[in-house]
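As structure tokens, the structure follows; a few thoughts come after it.
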Amino acid sequence: MTEERNHDLAQRMAELARAAAAPRSVEEVLSDVTSTAKELIPGVDTAGVLLVAKSGKYESLAGTSELPHTLDDLQMKYDEGPCVQAALDDLIVRTEDFRSEERWPQYSPKVVELGVLSGLSVKLYTADRTAGALNLFAFKPNAFGAEDETTATVLAAHAAAAILASRQGEQLQSALTTRDRIGQAKGIIMERYGVDDVAAFDMLKRLSQDSNVRLADIAQRVIDTRSTGGPRDAD
């Protein structure tokens, strides 16, 4: 990468890092990433992020226009394309000219009809349930080179960190909610049956095992008995 472009990238990453430190949604952070990609990579005409779950559900996020979302819909319809390939398999997928691209025989002609001739997709996130890619598109062929791949990879890493932080935050909040729910249920059992907290927790575990229902759900059932005035719903 040129010295000037290195400087620009470093400066923008510092700005993104400062912005990410403030309470913001993943969508906002990813929008910063895609707009920065368009700013720093000369060939980019439009950009977006695709997340694909193992269930087949997908999210098309942070498009700098509506076009990336249309392209994502096409890829999921045909189950082929560079964004899906980068998200699920390859680290980097570069397309020089969709008019002669043979890897995606159904997707490529549709892309050309929309005026898109080249693309660059970079894997940005993988987990047990979700994969993703940062996707850049151009209206001219051969728009991207090795220097662009490097810049996109750095931006993709930032996007991945934002998503991971969000998922970890959601998991932490879920864990805290579950802990509070179990604590409330234990308190109800202790008061209702005159047992200590260890015995109350053992009762919850036995109910969970006997009914093959998650401990948190059993705890919620016990909490719900407050309004019914009795323990029947916990059985």
Side-chain angles (χ1 to χ4, degrees), residues 16-33 48-62 72 75-76 79 83-91 122-134 155-235:
L16 288 171
R18 286 194 294 271
R24 305 172 76 226
S25 69
V26 170
E27 178 77 27
E28 289 173 323
V29 175
L30 295 183
S31 292
D32 279 348
V33 169
V49 170
L50 174 67
L51 298 184
V52 185
K54 283 190 175 180
S55 64
K57 183 179 178 182
Y58 72 99
E59 293 180 274
S60 183
L61 304 171
D72 288 340
Q75 290 185 82
M76 302 314 295
D79 194 25
C83 309
V84 172
Q85 187 166 324
L88 300 178
D89 298 310
D90 299 336
L91 293 176
V122 180
K123 186 187 295 293
L124 63 79
Y125 175 69
T126 56
D128 289 342
R129 291 176 295 176
T130 311
L134 170 64
L155 293 172
H158 181 79
I163 295 174
L164 284 169
S166 172
R167 295 294 188 263
Q168 289 168 353
E170 291 170 1
Q171 291 168 0
L172 175 60
Q173 185 59 49
S174 176
L176 291 174
T177 300
T178 297
R179 185 190 68 180
D180 290 346
R181 195 181 304 165
I182 292 172
Q184 288 182 56
K186 281 169 53 180
I188 292 170
I189 292 173
M190 289 166 65
E191 180 180 0
R192 185 171 291 162
Y193 297 106
V195 298
D196 61 21
D197 63 335
V198 175
F201 186 63
D202 283 343
M203 290 174 67
L204 285 172
K205 285 198 300 182
R206 287 200 303 273
L207 284 169
S208 174
Q209 293 166 356
D210 291 347
S211 58
N212 196 29
V213 174
R214 291 189 317 134
L215 184 61
D217 293 337
I218 288 293
Q220 185 60 55
R221 291 185 188 181
V222 172
I223 294 169
D224 291 343
T225 64
R226 280 177 171 175
S227 60
T228 64
R232 292 181 182 177
D233 289 346
D235 294 336

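Remember, predicted model here, so these are calculated numbers, not experimental data.
In terms of modelled atom types and a separation under 3.5 Å, the side chain of Gln75 and the main chain of Cys83 share a donor-acceptor contact. Looking only at distances, a side-chain donor or acceptor of Glu27 sits under 3.5 Å from a matching main-chain atom of Ala62.
Residue pairs satisfying the side chain to side chain donor-acceptor pair (under 3.5 Å) criterion with at least one member in residues 204-220, sequence neighbours excluded, are listed as follows: Arg181-Gln220, Arg214-Asp217, Gln220-Asp224.
Here the closest non-hydrogen pair linking Leu50 and Met76 is CD2-SD, 4.5 Å. Contact detail for Arg221 and Val213: the closest heavy-atom pair is NH2-CG2, 3.8 Å. When every heavy atom of Leu204 is checked against every heavy atom of Lys186, the shortest pair comes out as CD1-CG, 3.8 Å. When all heavy atoms of Leu61 and Leu30 are compared, the closest pair comes out as CD1-CD1, 3.8 Å. The shortest heavy-atom contact between His158 and Val33 is CD2-CG2, 3.6 Å. Considering every non-hydrogen atom in both Val122 and Ala156, the closest pair reads CG1-CB, 3.8 Å.
Using a 4.5 Å heavy-atom cutoff, the side chains of Val52 and Lys57 are not in contact. A heavy-atom distance below 4.5 Å is found between the side chains of Leu215 and Phe201.
Within 6.0 Å of CG on Asp79 lie no more than 12 heavy atoms contributed by other residues, nucleotides or ligands.
With sequence neighbours left out, Ser31 forms a side-chain hydrogen bond (donor to acceptor under 3.5 Å, both in side chains) with no residue at all.
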